[in-house]
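Below is one structure, written out as structure tokens; the observations come after it.
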Amino acid sequence: MSMQAKHIAKAGLLGLAALSLAIPTSAMAQRDPAYAAARANGSIGEKMDGYLGVVGNQDASIRKLVADLNIKRRANYTQRAQGQNATIEEYAFTQGCVLINRTVPGEKYQAPSGNWETRGSAAPQRDPRCP
């Protein structure tokens, strides 16, 4: 089995675990109205690497919000990756797949091309390696 195939298989296994461990979007929004507003108005979006991204040219408060949340995500991913015998990058990628899939119509997400897309009524475009 090639190294790439091993990583893809590992990502698939992580995906199953990630479904129950992903940071719930609605719970995060309930805790921080600024986060909910930024998601709803397209200022931020879910990236393929499992972290939030700033969409376009946003002010410092949005950039700080994203940086703070990404620090929390990384800490969560670090802990959970150790428990799954995975790298942080592998775990974060799998979380990115899950979190992009959980976006709702009108929210932004990073497509496999790297471009920001707005979720419509159809399923979002996801990396073919996503479980």
Taking Q79 for the side chain and N76 for the main chain, is one N or O donor matched with an acceptor at less than 3.5 Å?
-> no
When rounded to the nearest 0.5 angstrom, what distance separates OH in Y35 from CG in D68?
-> 13.5 Å
Student check: side-chain heavy atoms of E89 and Y77 closer than 4.5 Å = no
Side-chain touch I100/P124, heavy atoms, less than 4.5 angstrom | yes
Take atom CD in Q58; do more than 12 heavy atoms of anything else shown fall under 6.0 Å from it?
-> yes
Answer yes or no: are there more than 12 heavy-atom neighbours, outside R63 itself, under 6.0 Å from its atom CZ?
-> yes
Might you point out which heavy atoms bring L99 and G50 nearest each other, and give the distance in Å?
-> CD1-O, 4.2 Å
Return the minimal non-hydrogen interatomic distance between P105 and S121, and the atom names on each side.
-> CG-CA, 4.3 Å
Can you find a heavy atom in the side chain of R80 that is under 4.5 Å from one in the side chain of T94?
-> no
Least distance between heavy atoms, P112 atom then D127 atom | CG-N, 3.6 Å
Can you tell me if Y109 uses its side chain to pair, donor with acceptor, with the backbone of Q125 under 3.5 Å?
-> yes
Considering non-hydrogen atoms only, spot the tightest contact between T87 and A81 and give its length.
-> O-CB, 3.7 Å
Do L69 and Y51 touch side chain to side chain, with heavy atoms closer than 4.5 Å?
-> no
Distance (rounded to the nearest 0.5 Å) between K108 NZ and N41 CG | 10.0 Å
Where do E46 and W116 come nearest, in terms of heavy atoms and distance?
-> O-CZ3, 3.6 Å
Has D59 got more than 12 heavy atoms of other residues, nucleotides or ligands less than 6.0 Å from its CG?
-> yes
Counting distance only, does the side-chain N/O of R119 pair as donor-acceptor with the main-chain N or O of A122 below 3.5 Å?
-> yes
Quick check: does any side chain N or O of R39 sit under 3.5 Å from a backbone N or O of I44, one acting as donor and the other as acceptor?
-> no
May I ask you to decide if M48's main-chain N or O and Q110's side chain share a donor-acceptor pair within less than 3.5 Å?
-> yes
Do the side chain of E107 and the main chain of V104 share a donor and acceptor less than 3.5 angstrom apart?
-> yes
Exam field: side chain N70 to backbone L52, donor-acceptor pair closer than 3.5 Å = yes
Looking at side-chain heavy atoms only, is the closest gap between L65 and D32 below 4.5 Å?
-> yes
